[in-house]
Amino acid sequence: MKRICAALLALMLPTGCSAEEMVAQPTLTGQAPIVIAHRGASGERPEHTLESYRLAIELGADYIEPDLVLTKDGILVARHENEISETTDVAAHPEFAARKATKTIDGAKVTGWFTEDFTLAELKTLRARERLPKLRSTDYDGRYDIPTFEEILTFLAETNKSRKNPVGVYPETKHPSYFIAIGLPHEAPLLALLDRFGYRGRSAPVFIQSFEVGNLKALRARSELPLIQLMDGEGGPADAPGTTYAAMTSPAGLNAIAAYADGIGPYKELVIPRTTLGTLGNPTHLVRDAHAAGLKVHPWTFRRENYFLPLGDKGGINPAGHGDLGAEIDAYLATGIDGLFSDNPREAVATVKKGNAK
Ligand code: G3P
Ligand code: CA
């Protein structure tokens, strides 16, 4: 059966095969896939807090992922966006009411409060809250502050003192060309901090990721640290009008990426699209082609709530209920991915370990 499944897959024909019936493809290096805790253990704690990263490490994650933006005084802090009303209590602070603004970020109008309009001391008076309160617990709202990248690296260094295998860090530069345009570039403080904490050379436990291209090329010119080109399911890099992520997934596009990066971080449906019914379809050739170009593949984002799972792995009709995330991840592991981003390192680590034990 496995041979039939592999043959159908090679011909890009519908296989109808289960994850068990597929022939698992190897990772690029033959090493086990890594679990990257997406915004920390963000399925269980407010994202991008030290507590979210701490829990992710306790649950066995190999890397923690801080998205990085800058403050008015040039400090790198962990937030998914520079607009912070969805993940903090900023709107409840009357002293900051006048900071509300509308800006154009990567071509889109955004209204709210922006990190670049706050000093670090001001941002530190805010508290994090759950982004998805309809799907996840709000029990931890109001407890944690916004961590700086330096605080995250300090915490990681302390944690790694007692570990044989260090937990790595997987920072993302958010809106890098926007921040360059307002005089707050990521690159210098990012590289300086990583260097100060001992991240040097191609095998350092770090991956720097970006949806844009220019900052990765600039980082490559200044650093040997591993770099990851992120790819969304639609559109293209904000700093490269006319370039699409779809074109970047072609063999020629992947070869071009290999000139400046070590891997790709694709939206997961670029690896396994969903059918019109919402079930998992057949894998594309992206992992095979990326490996042929020498690139690792780390798709995102794997989440346990029914709302996010493919039909077939859902555990009922309640969007906030939990389904079989392990089954979804198993199908991806069979394609040979080199790692994955998950809000739920608890389930992701268990699934990867189970696969390794076979
Ligand atoms: O960085 C990988 C993944 O996190 C990209 O999506 O929007 O969650 O940063 P986003
Ligand atoms: Ca990210």
Side-chain angles (χ1 to χ4, degrees), residues 33-49 52-53 56 61-70 76-84 86-87 105-108 110 115 128 130-132 135-136 146-147 149 152 168-179 186 190 206-213 215-216 219 225-239 245 248-249 257 261-271 286 290 295-305 307-308 328-329 332 337-345 348:
I34 57 170
V35 172
I36 306 143
H38 184 244
R39 314 180 196 172
S42 57
E44 301 193 36
R45 296 290 186 277
E47 67 186 46
H48 292 315
T49 58
S52 181
Y53 302 130
D62 301 297
Y63 283 74
I64 55 170
E65 190 228 12
D67 294 321
L68 296 177
V69 293
L70 291 112
L76 288 166
V77 294
R79 287 292 94 191
H80 181 259
E81 306 89 359
N82 51 333
E83 197 289 297
I84 52 176
E86 273 193 275
T87 62
I105 316 287
D106 298 345
V110 182
T115 57
E130 174 53 50
R131 176 193 292 276
L132 304 170
L135 298 179
R136 295 173 177 173
I146 297 177
F149 190 43
I152 295 166
V169 66
Y170 207 123
E172 179 182 349
T173 55
K174 281 294 184 192
H175 311 299
S177 53
Y178 169 82
F179 276 103
H186 286 76
L190 177 65
V206 59
F207 289 97
I208 303 173
Q209 44 164 342
S210 182
F211 281 107
E212 294 190 14
V213 174
N215 77 118
L216 289 176
L219 285 164
L225 294 175
L227 304 177
I228 297 289
Q229 175 68 61
L230 296 173
M231 298 171 163
D232 210 340
E234 53 191 26
D239 65 332
Y245 291 120
M248 292 167 81
T249 64
I257 292 170
D262 303 90
I264 57 170
Y267 172 53
K268 64 184 179 182
E269 292 191 36
L270 294 173
V271 174
L286 182 59
L295 295 166
K296 292 180 176 173
V297 183
H298 298 158
W300 46 271
T301 301
F302 294 86
R303 298 169 162 133
R304 68 185 178 185
E305 290 87 2
Y307 180 82
F308 298 110
E328 186 194 21
I329 291 176
Y332 279 80
I337 59 170
D338 304 280
L340 62 128
F341 289 84
S342 179
D343 290 3
N344 303 104

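Counting starts at 1 for both ligands and their atoms, in listed order.
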Practice item. For Asp262 and Pro226, work out which heavy atoms get closest and say how close. Key: OD1-CA, 3.2 Å
Check your understanding: Do Arg136 and Glu47 sit within salt-bridge range, that is, some charged N less than 4.0 Å from a carboxylate O?
Key -> no
Review point. Do the charged groups of Arg79 and Glu81 touch, with an N to O distance under 4.0 Å?
Key: no
Check your understanding: Do Ser52 and Arg39 have side-chain N/O donor and acceptor atoms under 3.5 Å apart?
Key -> no
Can you name the atoms of ligand 1, numbered from 1 with element, that are less than 4.0 Å from a heavy atom of [X]?
X      : value
Leu230 : 1 (O), 2 (C)
His80  : 7 (O), 8 (O), 9 (O), 10 (P)
Gln209 : 1 (O), 2 (C)
Asp67  : 9 (O)

Practice item. Look at the aromatic rings of Phe179 and His186 and report parallel, tilted or perpendicular, splitting at 30° and 60°. Key: perpendicular
Review point. Any idea how Tyr63 and Phe207 line up, ring-wise: parallel (<30°), tilted (30 to 60°), or perpendicular (>60°)?
Key: tilted
Minimum-distance protein heavy atom relative to [atom]:
atom                   : value
atom 8 (O) of ligand 1 : Arg39 NH2, 2.6 Å
atom 5 (C) of ligand 1 : Phe211 CZ, 3.6 Å
atom 4 (O) of ligand 1 : His38 NE2, 2.7 Å
atom 9 (O) of ligand 1 : Lys174 NZ, 2.7 Å

Point to revise | Test ring-ring contact (aromatic ring centres under 6.0 Å, His included) applied to Trp300 and Tyr332, Phe211, Phe308, the passing residue | key: Phe211
Name of the [X] atom (N/O/S only) found closest to the Ca ion (ligand 2):
X      : answer
Asp67  : OD1
Glu65  : OE2
Glu172 : OE1

Practice item. May I ask whether Tyr170 places a heavy atom under 4.0 Å from ligand 1? Key: no
Check your understanding: To the nearest 0.5 Å, what is the distance between CD1 (Ile34) and CZ (Phe341)?
Key -> 7.5 Å
